[in-house]
Amino acid sequence: MPELPEVETTRRGIEPHVVGHCIRALLVHEPRLRWRVAADLPARVAGQKIRAAGRRAKFLLLELERGTLLLHLGMSGNLRVVPADAPRGKHDHIDLVLDSGELLRFNDPRRFGSLLFTTGDPAVHPLLAALAPEPLGDSFDADYLWRITRQRRVAVKQLIMNSRLVVGVGNIYASEALFRARIRPGREARRLSRPETAHLVRAIRRVLTNAVKAGGTTLRDYVGADGTPGYFRQQLDVYKREGQPCRRCRTPIRRRVQGQRATYWCPECQK
DNA sequence: ATGGGCACCTGGCTGC
DNA sequence: TGCAGCCAGGTGCCCA
């Protein structure tokens with residue numbers, strides 16, 4: 001699913017439809033998500049105004065007057081703004097009914113997503129507290145990546161997908177960023193040179209930024225808040241391109257499984 | 001502390 | 001056509 005660019009695209013899409021609006025009702029048609037939706041959640045949020053729509057890592061944060069809704073899209077989730085009378089489809093699990101006549105509709109075939117609520121500071125919520133810096137924020141720089149890679153023997157691809165080290169980078173953009181940085185995904189993290197850590201930081205930031213500009217990557221389930229797909233797929237250099245020629249050197253792109261996830265790279269360009 | 005593997009769930013696609 | 005098997009954008013948890 002949804003990695004940082006898809007979540008950010010969703011956030012930008014829903015923001016103008018929700019901020020300043022009041023929640024009329026929360027309809028939970030299927031509470032069995034990654035974590036069961038609390039039975040008292042509808043009563044707790046009904047009547048509250050949505051103050052802001054934020055994001056932390058891959059979580060969408062809807063800040064209410066008293067508390068914050070934490071929504072995660074999992075692997076296959078999407079959030080759309082639809083008219084209140086739009087017919088429900090398969091896997092439409094949750095509707096947030098707004099006073100505008102629209103609703104936020106959460107659809108998630110695999111139900112790996114989640115909807116949680118906290119009345120405290122969301123930053124200290126157990127699921128957010130241990131999260132690493134944002135890859136597009138100031139604290140994610142070459143010094144930081146250099147420091148956290150020094151003692152680690154894990155493959156660099158697995159390292160950049162570890163949300164305790166850097167958030168937002170999922171399986172697609174990990175492969176893409178490493179191609180851009182010309183680093184092989186299987187390299188031990190501690191073997192990266194100082195210049196390579198700088199290249200990798202720049203590559204991660206550039207790939208994520210470009211993907212946000214394109215509205216994210218749609219492989220199957222993902223659509224933005226207005227129902228349109230993301231267009232970054234056509235810009236992918238390696239992901240899902242096994243056997244196809246590298247866009248730089250024409251060498252066939254390779255695929256292997258690393259940490260139970262598919263990894264793609266160019267054996268010629270990446271060292 | 002680090003790292004590996006499993007689990008959670010549904011559905012699309014491939015190949016026999 | 002049917003069906004088994006594999007694959008998929010995430011990540012918490014358990015174990016070594």
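Each chain gets a letter, A, B and so on, in the order its sequence line appears, and its residues count up from 1.
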Presence of donor-acceptor pair under 3.5 Å, side chain of A/Arg110 and base of B/dC9
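Donor-acceptor pair under 3.5 Å: yes.
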
Under 4.0 Å between a side-chain N or O of [X] and OP1 or OP2 of [N]?
{"X": "A/Arg32", "N": "B/dC8", "answer": "no"}
{"X": "A/Arg111", "N": "C/dG10", "answer": "no"}
{"X": "A/Arg152", "N": "B/dT2", "answer": "yes"}
{"X": "A/His72", "N": "C/dT11", "answer": "yes"}
{"X": "A/Lys90", "N": "B/dG11", "answer": "yes"}
{"X": "A/His91", "N": "B/dC9", "answer": "no"}

Interatomic distance, [X] [atom1] vs [N] [atom2] [rounded to whole Å]:
{"X": "A/Phe59", "N": "C/dG10", "atom1": "CZ", "atom2": "C1'", "value": "10 Å"}
{"X": "A/Leu127", "N": "C/dG12", "atom1": "CG", "atom2": "C1'", "value": "8 Å"}
{"X": "A/Met75", "N": "C/dT11", "atom1": "CE", "atom2": "P", "value": "10 Å"}
{"X": "A/Leu165", "N": "C/dG12", "atom1": "CG", "atom2": "P", "value": "13 Å"}
{"X": "A/Asp108", "N": "B/dG11", "atom1": "CG", "atom2": "C1'", "value": "12 Å"}
{"X": "A/Leu219", "N": "C/dG10", "atom1": "CG", "atom2": "P", "value": "10 Å"}

Side-chain contact check for A/Gln158: nearest option of B/dG11, B/dG4, C/dT11 is B/dG4

Which listed nucleotide (B/dC6, C/dT11, C/dC7) is nearest to the side chain of A/Gln260?
B/dC6

Only one of A/Glu8, A/Glu63, A/Glu6 clears salt bridge (charged side-chain N to carboxylate O under 4.0 Å, His left out) with A/Arg55; which?
A/Glu8

How about CZ on A/Arg153, more than 12 heavy atoms from neighbouring residues, nucleotides or ligands closer than 6.0 Å, or not?
no

Return yes when atom CZ of A/Arg88 has more than 12 non-hydrogen atoms of other residues, nucleotides or ligands closer than 6.0 Å, and no otherwise.
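Counting neighbours around CZ of A/Arg88, more than 12 heavy atoms of other residues, nucleotides or ligands fall under 6.0 Å, so yes.
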
Just by distance, with hydrogens left out, do A/His21 and A/Asp99 show a side-chain donor and acceptor under 3.5 Å apart?
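Side-chain D/A pair, A/His21 to A/Asp99: present.
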
Which part of the nucleic acid does A/Asp221 contact within heavy-atom distance under 4.0 Å: base, sugar-phosphate only, or nothing?
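Counting heavy atoms under 4.0 Å across all strands, the contact made by A/Asp221 includes a base.
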
At 4.0 Å (heavy atoms only), tell me whether A/Arg164 reaches a base, stays on the sugar-phosphate, or touches nothing.
nothing

By nearest nucleotide on DNA chain B, pick out whichever of A/Arg220 and A/Phe112 is the more 5' one.
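It is A/Phe112, whose closest nucleotide lies nearer the 5' terminus.
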
Return the 5'-most residue of the pair A/Arg34, A/Ala155 with respect to DNA chain B, ranking by each residue's nearest nucleotide.
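Here A/Ala155 is the residue nearer the 5' end.
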
Does the plane of the ring in A/Phe232 sit parallel, tilted or perpendicular to the ring in A/Tyr173? Use 30° and 60° as the thresholds.
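A/Phe232 vs A/Tyr173 ring planes: tilted.
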
P gap between B/dG5 and C/dC7, integer Å
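That atom pair is separated by 16 Å.
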
Strictly by Watson-Crick or wobble contacts shorter than 3.5 Å, is anything paired with B/dC9, and which nucleotide is it?
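Its partner: none found.
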
